Protein chains: 2
Amino acid sequence: MPKRVDHEERRTQIAEALVRVAGRRGLHAVGMRDVAAEAGVSLRLVQYYFQTKEKLLFYGLQHLTDRFSARVGARLSAVGPDPGPRATIEAILLASLPTDEESRTFHLLYSSYSILSVTDDALAAQPFIDKPDAAEDALTGLIRQAQEAGLADPDADARTEAISLLAMTATMGTSILVGQRQPESAIAVLHHHLDRIFTPGRRHAPKGPPTAAPAAKARVYP
Amino acid sequence: MPKRVDHEERRTQIAEALVRVAGRRGLHAVGMRDVAAEAGVSLRLVQYYFQTKEKLLFYGLQHLTDRFSARVGARLSAVGPDPGPRATIEAILLASLPTDEESRTFHLLYSSYSILSVTDDALAAQPFIDKPDAAEDALTGLIRQAQEAGLADPDADARTEAISLLAMTATMGTSILVGQRQPESAIAVLHHHLDRIFTPGRRHAPKGPPTAAPAAKARVYP
DNA sequence: ATTTTTATGGTACGTTCGTATTACGAAGAA
DNA sequence: TTCTTCGTAATACGAACGTACCATAAAAAT
């Protein structure tokens with residue numbers, strides 16, 4: 001037989017073509033022929049490696065989330081070894097904002113899949129619903145950790161704040177996507193809440209004199 | 001000629017059929033034939049009143065936002081005459097959560113249109129982007145109003161809080177839609193933030209003793 | 001060397017979609 | 001009345017889509 005090719009590799013190649021063309025024209029507008037052309041293969045090949053369009057879409061979603069997880073991981077290790085809870089959370093949130101081509105594509109397609117899953121049972125059964133739950137748990141743990149270290153307001157409800165941060169990030173990401181908001185504006189809002197949460201409570205009184213209001217960091221809504 | 005029918009009325013009837021079928025099967029899945037069947041008219045009629053599918057979709061979006069605005073208005077007058085800023089904001093936010101069939105459909109379709117507008121220029125040009133801006137302005141004004149009346153934290157940044165509340169509501173609405181979160185959970189988070197914002201500041205000292213170190217409302221993380 | 005797999009190409013089939021065409025009865029206008 | 005115009009219907013058309021089918025060269029397996 002010919003070359004004895006690596007199926008998984010080929011599938012990845014095709015899935016990336018799917019992601020590219022879907023990011024450009026919208027998930028609803030991609031056909032198997034588009035994917036084939038983008039990947040530089042014949043339509044038959046796409047059928048060969050994914051028997052059906054549905055399977056292709058599922059695989060594409062999986063690939064998308066995998067890439068995104070890797071990206072967040074890279075951002076995390078980029079902030080230096082053993083970053084504090086706040087830096088970690090900030091890295092996660094900022095990585096989720098559509099600020100460059102890859103994150104823009106991710107945000108667009110993940111949103112598309114989510115909306116699609118509302119009316120598509122097969123997609124809803126796909127295990128990409130637990131990703132948000134995992135993020136929520138992670139942030140909750142980080143906030144609790146900061147509270148125990150005296151770095152965050154001990155009176156804050158960690159889970160509520162985690163939900164809030166993720167929720168704000170998601171919507172503002174969409175706003176950026178549709179051109180309604182600038183990334184800087186979204187970042188300012190997130191910083192505002194991080195500042196609010198990561199303020200040592202009175203019980204753990206840190207060091208500085210409890211005097212005059214320290215200069216407000218940033219925000220400024222244009 | 002026959003009956004001399006009201007075109008606007010017919011268009012509304014058809015648009016409502018569109019909204020119903022799109023809410024059931026997803027916006028991407030509706031065809032002109034589906035809309036015609038749902039409205040109980042022939043395909044030709046849908047073509048007659050809307051020449052093209054694009055125009056039908058635009059009209060449907062317009063109708064959707066109009067209905068939603070009316071619904072929010074109804075909720076507002078339902079909370080009694082001259083409600084306070086907080087009650088007003090709460091009514092707006094809670095009306096936006098997909099808790100019944102109508103709000104569920106609205107949330108699903110509005111999200112679908114938004115995502116579509118990212119890759120569809122004609123849809124992006126449609127004036128439904130300013131709706132969120134209007135809501136943001138309204139909430140900002142209400143918070144400022146509450147601050148001046150001594151009902152809200154005077155140190156809070158009204159616009160930032162308005163953006164945050166709307167952003168959280170939107171994402172949590174989607175979470176409810178996909179079955180990831182219960183409405184009660186979303187409402188609890190919103191209440192938490194409303195409680196935080198609508199807390200009379202110390203400057204307007206309501207009643208309690210002016211004791212312990214005033215909470216540094218902010219920033220500069222250590 | 002022959003036979004069986006495997007990867008790939010080309011193309012045809014059946015369906016569905018948006019749109020266009022044609023037709024016709026009924027109501028105002030002349 | 002006659003003519004025009006409006007609302008409604010049925011159906012046809014061309015394109016695009018997902019999928020199925022047939023073919024073939026090349027590497028293993030026998």
Side-chain angles (χ1 to χ4, degrees), chain A residues 1-22 24-61 109 112-113 116 119-123 126, chain B residues 1-22 24-61 109 112-113 116 119-123 126:
Chain A
M1 342 127 177
K3 298 184 282 182
R4 214 60 148 85
V5 84
D6 181 344
H7 278 215
E8 209 54 36
E9 191 180 339
R10 264 262 194 279
R11 269 192 275 262
T12 298
Q13 172 200 348
I14 295 176
E16 277 173 356
L18 162 68
V19 167
R20 277 197 305 276
V21 66
R24 227 181 302 126
R25 299 211 284 266
L27 188 60
H28 68 284
V30 321
M32 314 233 75
R33 287 166 176 84
D34 303 302
V35 175
E38 177 78 22
V41 301
S42 73
L43 169 61
R44 179 68 182 85
L45 261 249
V46 179
Q47 284 188 264
Y48 182 72
Y49 289 102
F50 306 91
Q51 293 73 42
T52 169
K53 186 185 184 182
E54 188 175 55
K55 288 181 184 168
L56 169 61
L57 289 178
F58 288 175
Y59 193 94
L61 171 60
L109 297 190
S112 301
Y113 276 114
L116 240 33
T119 45
D120 186 323
D121 292 341
L123 207 53
Q126 218 65 8
Chain B
M1 337 124 173
K3 300 184 281 184
R4 216 54 149 90
V5 87
D6 182 343
H7 278 213
E8 209 54 36
E9 191 180 341
R10 263 266 194 277
R11 269 194 274 263
T12 297
Q13 171 199 349
I14 296 175
E16 276 174 357
L18 162 68
V19 167
R20 277 198 303 276
V21 65
R24 228 182 301 126
R25 299 210 284 266
L27 188 60
H28 68 283
V30 322
M32 314 233 74
R33 287 167 177 83
D34 302 303
V35 175
E38 177 78 22
V41 301
S42 74
L43 168 60
R44 180 64 184 90
L45 260 252
V46 179
Q47 283 188 266
Y48 181 73
Y49 288 101
F50 306 90
Q51 293 72 42
T52 168
K53 185 186 184 182
E54 191 176 53
K55 288 181 185 169
L56 169 61
L57 289 178
F58 288 175
Y59 193 94
L61 171 59
L109 296 189
S112 301
Y113 276 112
L116 240 33
T119 46
D120 185 324
D121 292 341
L123 206 55
Q126 218 64 9

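Each chain gets a letter, A, B and so on, in the order the sequences are listed, and its residues count up from 1. These numbers were taken from a predicted model, which means no experiment stands behind them.
Atom C1' of nucleotide C:dT16 and atom CG of B:D34 are separated by 10 Å, given to the nearest angstrom. The CG-C1' distance, from A:L43 to D:dC22, rounds to 15 Å in whole Å. In this entry the distance linking CD of B:E54 with C1' of C:dT19 reads 14 Å, nearest Å. Here C:dT16 presents its P atom at 10 Å from CZ of B:R33, a figure rounded to the nearest Å. A straight line from CG of A:L56 to C1' of D:dT19 spans 14 Å, rounded to a whole angstrom. Put simply, NE2 on A:H28 is 12 Å from P on C:dG18, counting in whole angstrom units. Computed from coordinates, the B:L18 CG to C:dG18 P distance equals 11 Å when rounded to whole Å. The NZ atom of A:K53 sits 8 Å away from the P atom of D:dT19 (whole-angstrom rounding).
If you check residues 44-52 of chain B against DNA chain C, the residues with a heavy atom closer than 4.0 Å are B:R44, B:Q47, B:T52, listed by number. Interface residues of residues 7-16 of chain A facing DNA chain C, ordered by number: A:H7, A:R10; criterion, heavy-atom separation under 4.0 Å.
Every residue two or more places apart in sequence or in another chain that forms a salt bridge (charged side-chain N to carboxylate O under 4.0 Å, His left out) with B:R24 is listed here: B:E38. The salt bridge (charged side-chain N to carboxylate O under 4.0 Å, His left out) check on A:E16 picks up A:R67, with sequence neighbours excluded. Evaluation of the salt bridge (charged side-chain N to carboxylate O under 4.0 Å, His left out) rule for A:R10 yields no partner, not counting sequence neighbours. Partners of B:E8 according to the salt bridge (charged side-chain N to carboxylate O under 4.0 Å, His left out) rule, which considers only residues two or more places apart in sequence or in another chain, are B:R11.
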Residues B:L57, B:L27; criterion side-chain contact (heavy atoms from CB on, under 4.5 Å); working and verdict: CA-CA 9 Å; B:L57 289 178; B:L27 188 60; 4.1 Å; yes
B:E54 and B:F58: CA distance, side-chain angles, deciding distance, side-chain contact (heavy atoms from CB on, under 4.5 Å) verdict: CA-CA 6 Å; B:E54 191 176 53; B:F58 288 175; 3.6 Å; yes
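Between B:Y49 and the options B:V5, B:V41, B:L56, a side-chain contact (heavy atoms from CB on, under 4.5 Å) holds for only B:V5.
Rounded to the nearest 0.5 Å, atoms CG (B:L18) and OH (B:Y59) are 11.5 Å apart.
B:L123 approaches B:Y113 most closely through the heavy-atom pair CD2-O, 3.6 Å.
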